[in-house]
Amino acid sequence: MLDWQELTRMTGNEDIYIERVRVPSKGISVEGQFDLPPLARLTMEDQVFVASFVKCHGSIKRMEKLFDISYPTVKNRLNRIGEKLDFIEVAPDEEGPDVLDLLEKGELTAKEAIERLKKRT
């Protein structure tokens, strides 16, 4: 049986459609043209990144260590992947820009960042 990694390599991340679905234990077979679920349409690298993020319980700090990348790199990649997953609507962040993003950019001092974080709890 072909696994998803082999299928992804074979298709080169081109659009693919599933034309037959079979559930042997139920004796059911359905033919037609079916889209892949949104997560399955991501590149293999993005699927690994998303799975890792879930395994890290959404901890950007752990993702930084796991992939040896910076906080803004994790955020940018998550934002890029999120744009591809438009099947879920998320309300804009009403608290404004992320405190750690502002700190990283030098737009806040450490003291100001600490004060803002204290106000949130």
Side-chain angles (χ1 to χ4, degrees):
M1 178 172 6
L2 191 65
D3 72 10
W4 66 273
Q5 291 172 325
E6 291 174 74
L7 182 61
T8 302
R9 274 193 288 280
M10 283 175 44
T11 61
N13 293 320
E14 293 291 325
D15 287 343
I16 63 170
Y17 298 94
I18 306 301
E19 293 188 343
R20 185 166 189 234
V21 177
R22 192 168 74 101
V23 183
S25 64
K26 305 259 188 210
I28 297 171
S29 183
V30 180
E31 293 194 24
Q33 191 174 40
F34 309 100
D35 284 333
L36 291 172
L39 287 171
R41 287 188 227 133
L42 294 175
T43 65
M44 187 180 340
E45 292 80 16
D46 284 347
Q47 288 181 32
V48 168
F49 197 81
V50 170
S52 300
F53 189 65
V54 171
K55 293 281 271 183
C56 288
H57 302 280
S59 170
I60 292 178
K61 190 171 274 315
R62 287 180 62 194
M63 292 293 286
E64 288 177 272
K65 290 178 185 173
L66 182 63
F67 287 92
D68 194 28
I69 55 179
S70 68
Y71 177 90
T73 302
V74 174
K75 290 284 286 190
N76 289 336
R77 185 147 182 205
L78 289 170
N79 288 335
R80 183 180 54 75
I81 293 170
E83 289 172 7
K84 295 177 184 178
L85 302 175
D86 59 358
F87 64 101
I88 295 175
E89 286 296 321
V90 177
D93 187 0
E94 294 178 16
E95 294 180 9
D98 187 72
V99 173
L100 295 177
D101 283 339
L102 295 173
L103 181 62
E104 181 88 25
K105 293 176 187 173
E107 296 176 17
L108 283 180
T109 66
K111 185 175 181 178
E112 291 169 327
I114 291 168
E115 289 303 314
R116 286 195 187 188
L117 290 171
K118 282 181 181 177
K119 288 179 185 176
R120 288 187 183 178
T121 57

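One is the number of the first residue; the rest follow in order along the sequence.
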Practice item. Can you see which heavy atom on Lys75 is nearest to which on Ile60, and at what distance? Key: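 Shortest heavy-atom separation between Lys75 and Ile60 comes out as CD-CD1, 3.4 Å.
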
Check your understanding: Any idea which heavy atoms bring Arg116 and Leu102 closest together, and the distance?
Key ->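 Heavy-atom minimum between the residues: NH1-CD1, 3.4 Å.
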
Check your understanding: Around atom CG of Asp68, are there more than 12 heavy atoms of other residues, nucleotides or ligands at under 6.0 Å?
Key ->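 12 or below, so no.
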
Check your understanding: Is the CZ atom of Arg22 crowded by more than 12 outside heavy atoms at less than 6.0 Å?
Key ->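 Counting other residues, nucleotides and ligands, CZ of Arg22 stays at 12 neighbours or fewer.
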
Let me confirm one number: the [atom1]-[atom2] distance from [X] to [Y], rounded to the nearest 0.5 Å.
X	Y	atom1	atom2	result
Ile16	Met10	CD1	CE	9.0 Å
Thr109	Glu112	OG1	CD	3.5 Å
Lys111	Leu103	NZ	CG	14.5 Å
Lys61	Cys56	NZ	SG	12.5 Å
Leu85	Glu83	CG	CD	10.0 Å
Met63	Arg77	CE	CZ	7.5 Å

Exercise for review: List the steps, then state whether side-chain contact (heavy atoms from CB on, under 4.5 Å) holds for Arg41 with Asp35.
Suggested key: CA-CA 9 Å; Arg41 287 188 227 133; Asp35 284 333; 4.0 Å; yes

Examine [X] and [Y] and state if one hydrophobic cluster contains both, with Ile, Leu, Val, Met, Phe, Trp and Tyr joined whenever side-chain heavy atoms are less than 4.5 Å apart.
X	Y	answer
Ile114	Val99	no
Ile28	Val21	yes
Leu66	Val54	no

**Study point:** Sidechain-backbone polar pair: Gln33 side chain, Glu19 backbone, donor-acceptor under 3.5 Å
**Key:**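 Side chain of Gln33 to backbone of Glu19, a donor-acceptor pair under 3.5 Å: no, none is there.
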
**Study point:** Ser52 side chain vs Val48 backbone, donor-acceptor pair below 3.5 Å
**Key:**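 Yes, Ser52 side chain to Val48 backbone: donor-acceptor pair under 3.5 Å.
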
Point to revise | ring-ring contact (aromatic ring centres under 6.0 Å, His included) pairs, two or more places apart, involving residues 44-83 | key: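 Residue pairs passing ring-ring contact (aromatic ring centres under 6.0 Å, His included), neighbours aside: Phe49-Phe67.
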
